[in-house]
There are 2 protein chains.
Amino acid sequence: MHKLAIYHLETLLWIARLGTFRAAAERLHTTQPAISARVREIEGQLGVAIFRREGRGVVLTARGRQLVQDCEPLLAGLESALLEAGNHAGAAGIVRIAAGEIAAATCLPQFASAIGKDLPGVTLHIDLDLTARMLQNVLAGTRDIAFLAGPVASPGLRTAPIGAVDLTWLASPSIAKENRLHSDIPIWSVGEHSPIHRVTCESLKAAGLPVRAINTCNNVEAMLGIVASGAGAAVFPKVMARRLIETGQLAEFHTRPKSQLRFEVAIRSNETDPVVLELFRRAAHLSVAG
Amino acid sequence: MHKLAIYHLETLLWIARLGTFRAAAERLHTTQPAISARVREIEGQLGVAIFRREGRGVVLTARGRQLVQDCEPLLAGLESALLEAGNHAGAAGIVRIAAGEIAAATCLPQFASAIGKDLPGVTLHIDLDLTARMLQNVLAGTRDIAFLAGPVASPGLRTAPIGAVDLTWLASPSIAKENRLHSDIPIWSVGEHSPIHRVTCESLKAAGLPVRAINTCNNVEAMLGIVASGAGAAVFPKVMARRLIETGQLAEFHTRPKSQLRFEVAIRSNETDPVVLELFRRAAHLSVAG
DNA sequence: TCTGATTGATAAGAGTTGCTGATGCACAAG
DNA sequence: CTTGTGCATCAGCAACTCTTATCAATCAGA
């Protein structure tokens, strides 16, 4: 049954549309015996009659009508899929992207919209994940491109910087009004392995404060809500907190960490897929700032 | 591009699912070189690389992933359509039915539900139409079966009676309370060519009333509403008016036409499609009464 | 580092399939 | 009855696909 080719079914549809083998033969730029043979092949493979020979013509049987009706939309879809896949012009395909939460919130929107506009044939599959798993997936070939915060280096990876964003200490206004960090304010940070965590610790040391037990939350967006509700202070990318600052739910400290949060895009160093390379190139030209 | 067979795409899907050519070869009960050849064929037809040879294995390119994802549901649909079409057990297919309005309201519901229950593979396409066009379509092969009222006979048609329903004079209660037709009551009927019209005329004559200008409406359901609103009296199949009689919107006259309305089912006399013949046989065993 | 196992590519031969062009048969219209 | 139309069939030819056997590249483990 699987010996049937696409053109067999296409032949069926054209016979159904035009009514005669001969007309279908002309439409498909072939000869009438070829059409006869194709129909014979289909009927042989399926084991049922699709056409009833009637007078000097043929008409569809009930089964044949059902088959034609069922196949028409499927075939149209298949043709467009193949056409799309075979379309040389421009990049096309599915690119699997991994992103850290912060990168997803800061870099990805503009990247995704730029790709959607410039390369309409490209579909993005984005998964948010932790940095370690992200890199693991890229190395294993499960993901194509990773957007992540903080410098990473690995022999199997090729990376490019895509900009940096300012970090700042934030807390609810009642806490931040003193404009000075002191040891009674609970400190929050994302998990150990995040570059933000490193910056948090360094900033605390620079301010002469002890690096005490630090509360952690592995989701920045959630942590924004926690800190905004008065739970303490934390270092955030300023752009991610912009709305909460504007609405007065968070306020900045005068104390500011020195370093920025730098973003990178990473692919496997032996990547050869032209579409992935093109997207890497475009990502590397992104310039994230704020 | 159309030289591709179903099994080419199926091969693609199995490679994507299993990861290697060898595994796909085993799954598809063939050899690895055959799989290689199929892939080469697909890539040749499409003109793009679907797999990237990497190390001792292969991985999908971005385009390839897109193609696989696009094809998966389409292929599943195609397979089930072909499987359904090739399924010998029982009748299956699309049968095009033409029906007159009255037949549609009286015979078709039970027929359609019986078919739906006994022959789940059969799909019905029902068109309501006027008797003349119906028969024309059946003779031309545009419709397979016709359900219609009144006896028809044509050299190209094969018919079978499927029962009869009682006819009765109806009007709104205020008119019908006299229980006697008289010449001041406007008479309604469906168009000239309907058997109901003939019965109406005969009944009028039998009652000693003149066959005056008769109001017509080519839709019985609409005419029921017209008569129920007090516009006059008309002969209806009693079953079609049952609800309006029960709710008191229509009432019967004592005067009743002698003849019933007989229904028939018709197919082309040289019909050979086994599914159509089976449905004709079943329709002929319908027994409509009321 | 070396060996063995795994994976895909390639080549040659056999079998099959599909197309073409010519011909025959059935049916419909004039 | 003749002509035209439409499908089936046949023979020859070209193309394709499968299989078996072999090769090259890569990776895992000793």
Side-chain angles (χ1 to χ4, degrees), chain A residues 1-12 14-46 49-61 64 139-141 155-156 268-273, chain B residues 1-12 14-46 49-61 64 139-141 155-156 268-273:
Chain A
M1 165 174 308
H2 297 182
K3 213 69 181 300
L4 294 178
I6 311 242
Y7 64 79
H8 281 119
L9 299 177
E10 183 149 38
T11 302
L12 215 58
W14 277 111
I15 301 172
R17 285 199 263 261
L18 301 178
T20 71
F21 286 17
R22 186 165 291 279
E26 284 183 21
R27 177 62 184 72
L28 296 170
H29 308 298
T30 182
T31 60
Q32 170 263 315
I35 301 295
S36 281
R38 292 179 188 178
V39 170
R40 198 185 324 128
E41 182 65 22
I42 300 173
E43 294 186 328
Q45 294 281 336
L46 265 58
I50 306 294
F51 292 97
R52 192 165 11 96
R53 279 67 180 169
E54 181 150 303
R56 65 175 177 177
V58 290
V59 292
L60 280 168
T61 61
L139 286 169
R268 289 176 310 136
S269 48
N270 58 352
E271 178 67 70
T272 60
D273 194 313
Chain B
M1 164 173 310
H2 297 182
K3 211 70 181 301
L4 293 179
I6 310 233
Y7 65 80
H8 280 119
L9 299 176
E10 183 149 39
T11 302
L12 216 58
W14 277 111
I15 300 172
R17 283 200 265 261
L18 301 178
T20 71
F21 285 19
R22 291 201 104 82
E26 285 184 20
R27 176 63 183 73
L28 296 170
H29 309 298
T30 182
T31 60
Q32 171 262 316
I35 303 294
S36 280
R38 291 180 190 177
V39 172
R40 197 182 326 129
E41 183 64 21
I42 301 174
E43 293 186 328
Q45 293 281 334
L46 265 60
I50 306 294
F51 293 97
R52 189 164 16 95
R53 279 66 178 170
E54 180 149 306
R56 65 176 178 180
V58 290
V59 293
L60 282 167
T61 61
L139 287 169
R268 290 175 310 136
S269 48
N270 58 353
E271 179 66 71
T272 60
D273 194 313

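If you're wondering where the values come from, they're calculated on a predicted model, not measured in any experiment.
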Gap between atoms [atom1] and [atom2], on [X] and [N] respectively (whole Å):
| X | N | atom1 | atom2 | answer |
| --- | --- | --- | --- | --- |
| B:Glu41 | C:dG18 | CD | P | 14 Å |
| A:Leu4 | C:dT16 | CG | P | 19 Å |
| B:Ile15 | C:dT7 | CD1 | C1' | 13 Å |
| A:Leu18 | D:dC7 | CG | P | 11 Å |
| A:Glu26 | D:dC7 | CD | C1' | 14 Å |
| B:Gln32 | C:dG8 | CD | P | 6 Å |
| A:Arg52 | D:dG6 | CZ | P | 19 Å |
| B:Ile35 | C:dT7 | CD1 | P | 14 Å |

Subject >> Sugar-phosphate only, base, or nothing, as touched by B:His29 at under 4.0 Å among non-hydrogen atoms >> reply: nothing
Closest listed nucleotide, where the reference is the side chain of [X] and the choices are [options]:
| X | options | answer |
| --- | --- | --- |
| A:Thr30 | D:dC7, D:dT19, C:dT20 | C:dT20 |
| A:Lys3 | C:dT17, D:dC7, C:dT20 | C:dT17 |
| B:Pro33 | D:dT17, C:dC19, D:dT20 | D:dT20 |
| B:Thr20 | C:dG18, D:dT17, C:dT7 | C:dT7 |
| A:Phe21 | C:dC19, D:dC18, D:dA8 | D:dA8 |

Is a side-chain N or O of [X] found less than 3.5 angstrom from the main chain of [Y], in a donor-acceptor match?
| X | Y | value |
| --- | --- | --- |
| B:Thr61 | B:Arg52 | no |
| B:Thr11 | B:Ile35 | no |
| A:Glu271 | A:Asp273 | yes |

Original post:
Do A:Arg38 side-chain and C:dG18 base share a donor-acceptor contact under 3.5 Å?
Top reply: no
Subject >> CG on A:Leu139 to OG on A:Ser269, rounded to 0.5 Å >> reply: 8.0 Å
Ignoring backbone atoms, establish whether [X] has a side-chain N or O less than 4.0 Å from OP1 or OP2 of [N].
| X | N | result |
| --- | --- | --- |
| A:Arg53 | D:dA8 | yes |
| B:Thr31 | D:dT19 | yes |
| A:Ser36 | D:dC7 | no |

**OP:** Check the surroundings of atom CD in B:Glu26: do more than 12 heavy atoms from other residues, nucleotides or ligands lie under 6.0 Å from it?
**Re:** no
